[in-house]
Protein chains: 2
Amino acid sequence: MAQTSDTTSYKDIKLTVLERIRSGQWQPDSLLPNEEALAVEFSCTRTTVNRALRELADEGYLERRRKAGTRVLSAPQRQARFTIPMVRDEVEALGGTYRYALVSAGSEPAPEWLNARLALNPNQSVMHVRCMHFNGNTPFQYEDRWIVTASVPQVEQADFSQIGPNEWLIQTVPFTNVELSFMASRADATLAGFLDMPVGDPVFTGERITWLQGQPVTFAKMFFAAGYRMTTEF
Amino acid sequence: MAQTSDTTSYKDIKLTVLERIRSGQWQPDSLLPNEEALAVEFSCTRTTVNRALRELADEGYLERRRKAGTRVLSAPQRQARFTIPMVRDEVEALGGTYRYALVSAGSEPAPEWLNARLALNPNQSVMHVRCMHFNGNTPFQYEDRWIVTASVPQVEQADFSQIGPNEWLIQTVPFTNVELSFMASRADATLAGFLDMPVGDPVFTGERITWLQGQPVTFAKMFFAAGYRMTTEF
DNA sequence: AACTTTATAAAGTCTACACAAAATGGAAAC
DNA sequence: GTTTCCATTTTGTGTAGACTTTATAAAGTT
């Protein structure tokens, strides 16, 4: 009798635990009964309780420490998960037609600020790619990207006239580490031109740094057209 | 012999699988061997393989379907997890001293746009709270919030002069569902005053809607001072 | 050819048990 | 009184095995 329909599953336990926190039965910072006790209460094995509590901890509701036990987090560290889609998917999810256009691409010595930003050795060469992403004929995102040649030598042969640098990189360099930031910036003349908006208008902006095993791979700035919102539910 | 030091752990398996994807040994969209086969290969039980693959799927590298098997996602749906901290924690993490100041609080009939936004019935009363969050004496965030009285009747008695509405709500209403958006907006005169910045400057802005079991609880706009970045690593 | 049913393969989950690792609190040593 | 060390508790992770659920492919039916 491994698992009958009236078994308490780890999902049931998760719900019950959440309900007890919610109702105040288990106050913030208070200690939960240990796994063994809960296993008895729910008449299941400790394994099942373990999975439920482990997932709740992972979701930011509980804190668990060996010997110390499991406690309710006072300020639930709720984590918003933003799926970082590729621009193509994002546009298509809006029901639009994705279109890509290369603005410029070429090798150049890495500028000072990029050296600093990526901790590059001086005099390294980088591939500088600028491109546009459209939703139909409406500008969606302007992308300004630098790719470190030393980390991705193949970039010298890449043809960015048909495929965007992000899609190319995902195919070419299976990245390991990403640092992603979002901010609000101001449209200068160039940006205003590309995104078809007045100079000085606020622009939702993302910056992305990608590292491959400690080596900097690429730095990208992404400027979104007016009205863009990044949304998530949790 | 449950677990000796030379056992293959689920973490080892995760690393190995990632390595094989990375190296191209397992191409995108290709099918992995099934759990049983992998268990034999790694000389461990299916349980252990299952955990490894389950977590990798959860992290967005794999897709698993019963009977269909496990396959490598072509475009890894890497998910950025932004921890949504409370302002106090965020300021303190910066090494600053958090200070809170109430601007205004009072009941009023819900404005039209809020009715629409939260799907409220007409003529409902809401508590409108405006407040500032400081890092020392530097403005950090201006918050404009509406709390639905019908959903949280206690709000009529709440004293927002000492505690921020967000902290109050977290203590009072254990929320279930949040919709969070970020965008860039423009500082109008009011905002420019509160955040000590020039009128017209870009402002990183967040909007947060909270629902409790289908009932709208609160709508909040959060305006961040100049230079704010929301950052995550993954 | 198109639809329906059915066997089956694969992941999903549970039981029962065992050993491992970490952290804590108190005993022992200083 | 303070520090060091160790036993104990609690979570972490593994083994072995079984039953469950679901999607698919193949067989059968219209």
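Naming: A, B, ... by sequence-line order, numbering from 1 per chain.
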Rounded to the nearest Å, what distance is computed from the [atom1] atom of residue [X] to the [atom2] atom of nucleotide [N]?
X	N	atom1	atom2	value
B/Asp58	C/dA11	CG	P	17 Å
B/Lys67	D/dT20	NZ	P	19 Å
B/Leu53	C/dT13	CG	C1'	15 Å
A/Arg65	C/dA21	CZ	C1'	15 Å
A/Glu55	C/dG12	CD	P	12 Å
B/Arg66	D/dA25	CZ	P	17 Å
A/Glu63	D/dT10	CD	C1'	14 Å
A/Arg46	D/dT13	CZ	P	11 Å

Look at the side-chain N and O atoms of [X] and state whether any lies under 4.0 Å from the OP1 or OP2 oxygen of [N].
X	N	result
A/Tyr10	C/dT13	yes
B/Arg51	D/dT13	yes
B/Arg64	C/dA10	no
A/Thr48	C/dT15	yes
B/Thr70	C/dA11	yes
A/Asn50	D/dG12	yes
A/Thr45	C/dC17	no
A/Lys11	C/dT13	yes

Margin query: Assess the residue pair B/Glu90 and B/Phe140 against the criterion (side-chain contact (heavy atoms from CB on, under 4.5 Å)); give the C-alpha distance rounded to whole Å, side-chain angles, the decisive distance to 0.1 Å, and a yes or no.
Written below: CA-CA 10 Å; B/Glu90 205 169 358; B/Phe140 183 80; 4.1 Å; yes

Next item on the list: Please assess B/Thr218 against B/Arg208 for the test side-chain contact (heavy atoms from CB on, under 4.5 Å), listing each intermediate value before the final yes or no.
Entry: CA-CA 8 Å; B/Thr218 183; B/Arg208 180 189 192 126; 6.0 Å; no

Margin query: Nearest to the A/Thr47 side chain among D/dT15, C/dA20, C/dC17, which nucleotide is it?
Written below: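 The answer is C/dC17.
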
Item checked: Test salt bridge (Lys or Arg N to Asp or Glu O under 4.0 Å) applied to A/Arg66 - qualifying residues, sequence neighbours left out ->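 Residues passing salt bridge (Lys or Arg N to Asp or Glu O under 4.0 Å) with A/Arg66: none at all.
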
Margin query: Could you go through A/Arg145 and A/Asn166, starting from their C-alpha distance and side-chain angles, then the distance that decides it, and tell me whether this counts as side-chain contact (heavy atoms from CB on, under 4.5 Å)?
Written below: CA-CA 9 Å; A/Arg145 184 183 287 265; A/Asn166 190 37; 3.5 Å; yes

Next item on the list: Give a yes or no on whether B/Glu41 atom CD has more than 12 heavy-atom contacts from other residues, nucleotides or ligands under 6.0 Å away.
Entry: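 For B/Glu41, atom CD is crowded (more than 12 foreign heavy atoms under 6.0 Å).
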
Next item on the list: May I ask you to check whether over 12 heavy atoms, not counting those of A/Gln162, lie within 6.0 Å of atom CD?
Entry: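 At most 12 heavy atoms, drawn from other residues, nucleotides or ligands, come within 6.0 Å of this atom.
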
Note to self: side-chain contact (heavy atoms from CB on, under 4.5 Å) for B/Leu32 and B/Val72? Distances and angles first, verdict last.
What the structure shows: CA-CA 7 Å; B/Leu32 267 61; B/Val72 180; 3.6 Å; yes

Margin query: Tell me which residues in residues 32-40 of chain A lie within less than 4.0 Å of DNA chain D, going by non-hydrogen atoms.
Written below: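 Heavy-atom cutoff 4.0 Å gives A/Asn34, A/Glu35.
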
